[in-house]
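Here's a structure for you.
Residues take their numbers from the sequence shown, with the count starting at 1.
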Amino acid sequence: MAFVQFSQVSLAFGDRDILKNVTINLQTGSKVALTGANGAGKSTLIKVLAGLVKPDSGSRAVQKDSRIAYLPQSGLTHHGTTLIEEADKAFEFGYEMQRQIDEIGDMLKNNPENTNALVERQSELIQKLEDSNWHRRSALAESILLGLGFTRADFEKKTEEFSGGWQMRIALAKALMQTPDILLLDEPTNYLDIEARSWLEEFLQNFKGGFLLVSHDRYFLDVTINEVYELFGGDLKRYAGNFSHYEKVREVELQTLIAAYEQQQQEINKLEDFINRFGYKATKAAQAQEYQKKLDKMVRIEIPESLKKIHFTFPPAPHAGRLVLRMNNICKSYDGNFNVLDNLELTVENGQRLVVAGRNGAGKSTLLRIIAEQDKAFSGDVNLGAGVKIGYFSQDNAETIKGNQSILDYLESVAPLELIPKLRDMLGAFLFRGDDVYKSLDVLSGGEKSRIALLQLLLSPVNLLVLDEPTNHLDIHSKDVLLKALKDFGGSVVFVSHDRGFIEQLATQVLHLEPGKFMYYPGDYVYYNEQMIARNCLEESGSVSEKPKSEAKTDLSSGESSTKLSWEEQKKLEAERRKKEKEIAKLEEEIATLEAKKAELEAKMADPAVYSNGEKAKAVQREIGEVCAKIDEVTEKWMEISE
């Protein structure tokens, strides 16, 4: 069995401990998520696992002949080859194995003394080569490239013709093609649309080796992994189960710490308030100095950012009528020959949250630019309802964030007066914490500027939000904060996202785009997905022929999609899903309670009055064993239902 493992590994940068006596074991079949706050050291830990960074102390062991593939977050580019030639480089390990097999064959012709050892080694290499799918490399390369969104027409393109996001898709494809024993993926979904993410989910579910990944997509994690390692303050702790389960267990586990943190924050605020008010008054200066010393000596309690309760709300949406937007016969072409949008019709009513879905190139961003009045080179009519005020966000907004102002000063200059006291919390929710708020706009990265542009938009009083990939540069916690604010938003939302969990939580209607076609689904994303699966099954069986555009428009006006289950079947499926979700939630609550009970007993075991008394110690140890057995039993049941 292939494996890579750490034992008591430590690593520090200056006076900061990144890893403190960390132990981890990845082996065939491991399906692991690595989590932790931004800056906790997740990428560094993956590099140590990959053998790219040497730890200060501890040991790293790798099973002989184990192959490890590593994908960094960004920065990889390819040039000088076609896409299919670059893909073939992923199979260099196989060419090397074949060379060794041939060399051994040549040696055996000379009847060497160690014939048995050579034959055994050759057989071992032949088996490993067969298991790696190297002999089926052309079909494997084609399957993976198509799954990640490339077309056959792309295969002969020069790699330098692909943009940065597609360059990272090439790197991801090469990592997967290696069929390694251990796969290390740092933010593999960053540059993938929802179709490519779905394909990668299925790939990882069927992957026979072990993998560890970092991702800010909760849904992606929930359907691919079965254990979580959290990196916090240099310590690494393991949790069984998917990511949602980890969050629930972790929250129960840290309730005491959170209470202590909140109490300390109140005390800090009180001391700082006194110092700020009376520090310069002669009668209070001595007391203010004492309070300052107390603050300086205080050991600050830290909790993971994901558990800090940060909420914000939009400014009240201006009043608008029932009809927010109506689009009739919208046609848009970039080359004058093919219409990306062809006779599209759409109606959005007040309070709706419409997601625009479809593959890359289907016209999603184009449609959003037309709605937001950023693109006027189209035919057809766009009519806004009375009193509608649009707020538009896209990644291009980052280009407008310029100047030498600090982040905090910039946002204070554009925020409504009543929201200024909440700006620090809101900035924290968008990953600007501590002294980060004083950074100059000119030194910010593109991702940081995008987060500022999004936050700036959310400070504006609008009643129609048009959002193109608003979660791209946010972590899981920040997405949750944004999601809660959007669900509470008093206006309407039209958005594009590649985060399935975010879409499922937010969307109330779906507009599906294909090049030159559109279909409207008057239900949430789960309903849409079921309809698309049914449609694909019918198409594969040959039971459905493509509908003409006029019929598609009729479907839209009548509020129905072109393929549909009966309402009774839909209700039955939904009822079954809700029942399973309730069972899972109940089991997760039970596991969290048992974990808390176990922690309580372990703390009791550390009491000298218990461990120094043989009878008491045995009784407590017996209870711990019973609780652990119960945790295993309930966790197994939870995993069965989840699958």
Side-chain angles (χ1 to χ4, degrees), residues 8 17 19-25 32-37 40 218 221-222 225-268 298-309 476-477 480 581-642:
Q8 301 295 303
D17 289 319
L19 306 174
K20 296 189 296 190
N21 296 320
V22 162
T23 297
I24 185 173
N25 181 28
V32 179
L34 177 63
T35 188
R218 183 185 281 107
L221 293 175
D222 277 346
I225 61 100
N226 57 24
E227 57 182 320
V228 178
Y229 279 86
E230 182 194 66
L231 186 59
F232 175 55
D235 296 317
L236 191 69
K237 185 172 180 180
R238 178 185 177 277
Y239 296 83
N242 67 8
F243 194 81
S244 294
H245 177 244
Y246 146 77
E247 288 184 306
K248 291 183 180 180
V249 172
R250 188 68 168 121
E251 191 161 6
V252 171
E253 186 179 276
L254 291 177
Q255 278 179 353
T256 303
L257 183 62
I258 293 169
Y261 168 82
E262 290 174 349
Q263 186 175 345
Q264 187 183 71
Q265 290 301 302
Q266 289 177 5
E267 184 180 359
I268 289 170
M298 189 179 290
V299 179
R300 303 293 176 104
I301 296 171
E302 290 185 64
I303 63 171
E305 296 294 340
S306 60
L307 293 177
K308 291 181 181 177
K309 304 301 181 186
I476 287 176
H477 174 54
D480 288 344
E581 285 178 349
K582 285 179 183 177
E583 287 182 52
I584 289 170
K586 187 177 178 181
L587 289 171
E588 286 174 343
E589 189 176 335
E590 186 177 352
I591 292 170
T593 303
L594 288 167
E595 291 280 5
K597 177 68 174 174
K598 179 186 170 187
E600 183 184 320
L601 289 168
E602 287 173 343
K604 194 174 180 181
M605 195 68 189
D607 185 349
V610 174
Y611 69 69
S612 60
N613 184 313
E615 290 302 317
K616 287 183 179 178
K618 283 181 184 177
V620 174
Q621 195 62 51
R622 187 167 54 252
E623 280 190 79
I624 291 174
E626 290 170 356
V627 172
C628 287
K630 187 65 176 173
I631 289 172
D632 290 342
E633 178 190 331
V634 179
T635 300
E636 188 175 343
K637 190 174 179 183
W638 172 86
M639 289 180 75
E640 285 176 8
I641 296 175
S642 295

### Side chain proximity check, L236 to L34, heavy atoms < 4.5 angstrom
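Counting from C-beta outward, L236 and L34 do come under 4.5 Å.
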If the condition is salt bridge (Lys or Arg N to Asp or Glu O under 4.0 Å), which residues does R622 pass it with, not counting sequence neighbours?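 Salt bridge (Lys or Arg N to Asp or Glu O under 4.0 Å) list for R622, sorted by chain: empty.
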Review point. Does any N or O in the side chain of D235 come within less than 3.5 Å of the main-chain N or O of V22, such that one atom is a donor and the other an acceptor?
Key: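 Pair absent, no side-chain N/O of D235 close to backbone of V22.
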* Find out whether I476 and T35 are in side-chain contact, i.e. whether some heavy atom of one side chain is under 4.5 Å from a heavy atom of the other. =>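 No - every pair of side-chain heavy atoms lies 4.5 Å or more apart.
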Can you check whether I268 reaches R300 side chain to side chain, under 4.5 Å on heavy atoms?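 Of all side-chain heavy-atom pairs linking R300 with I268, at least one is under 4.5 Å.
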Starting at CD of E590, measure out to CD1 of I631 and round the result to the nearest 0.5 Å.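 If I round to the nearest 0.5 Å, the distance is 10.0 Å.
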- Task: State, with a plain yes or no, whether a side-chain heavy atom of Y239 is found less than 4.5 Å away from one of R250.
- Result: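 Result yes, sub-4.5 Å side-chain heavy-atom pair found.
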Are any side-chain N or O atoms of D17 and backbone N or O atoms of K20, one a donor and one an acceptor, separated by less than 3.5 Å?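 Not at all, since once roles are kept as given, no pair shorter than 3.5 Å links the two residues.
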- Item | Sidechain-backbone polar pair: Q264 side chain, V299 backbone, donor-acceptor under 3.5 Å |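 Side chain of Q264 to backbone of V299: a pair is present.
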With rounding to the nearest 0.5 angstrom, report the CG to CG distance, N242 to L221.
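Nearest 0.5 Å value for the CG-CG distance: 9.0 Å.
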query = Would a 4.5 Å heavy-atom cut-off, applied to side chains only, mark L231 and L19 as touching?
reply =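 With C-beta onward as the side chain, the pair touches.
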- Nearest heavy-atom pair of K598 and C628: which atoms, and what distance?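 Looking at all heavy atoms of both residues, the closest pair is CE-SG, 3.8 Å.
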(Q) Regarding E230 and Y246, do their side chains bring together a donor and an acceptor under 3.5 Å, going by distance alone? (A)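 Y246 and E230 do have a side-chain donor-acceptor pair below 3.5 Å.
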**Prompt:** Less than 4.5 Å apart, any side-chain heavy atom of L594 and any of V634?
**Reply:**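 They are in side-chain contact.
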Taking the side chain as every heavy atom from C-beta outward, state whether K248 and F243 have any atom pair closer than 4.5 Å.
->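 When only atoms from C-beta onward are counted, F243 and K248 do not touch, as no gap falls below 4.5 Å.
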Looking at Q265, I'd like to know if its CD atom is crowded, meaning that more than 12 non-hydrogen atoms belonging to other residues, nucleotides or ligands lie closer than 6.0 Å.
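Atom CD in Q265 is packed in, count exceeds 12.
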- Query: CD1/I591 to NZ/K586 distance, rounded to the nearest 0.5 angstrom?
  - Reply: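 Going from the CD1 atom of I591 to the NZ atom of K586 covers 13.0 Å.
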Open item on the list: Quick check: do E247 and R218 have side-chain heavy atoms less than 4.5 Å from each other?
Closed with: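 The answer is yes; the side chains approach within 4.5 Å.
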Atom CD of E583: over 12 foreign heavy atoms under 6.0 Å: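 For E583, atom CD is crowded (more than 12 foreign heavy atoms under 6.0 Å).
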key: By salt bridge (Lys or Arg N to Asp or Glu O under 4.0 Å) - contacts of K630 (at least two apart)   =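 Partners of K630 under the salt bridge (Lys or Arg N to Asp or Glu O under 4.0 Å) test: E633.
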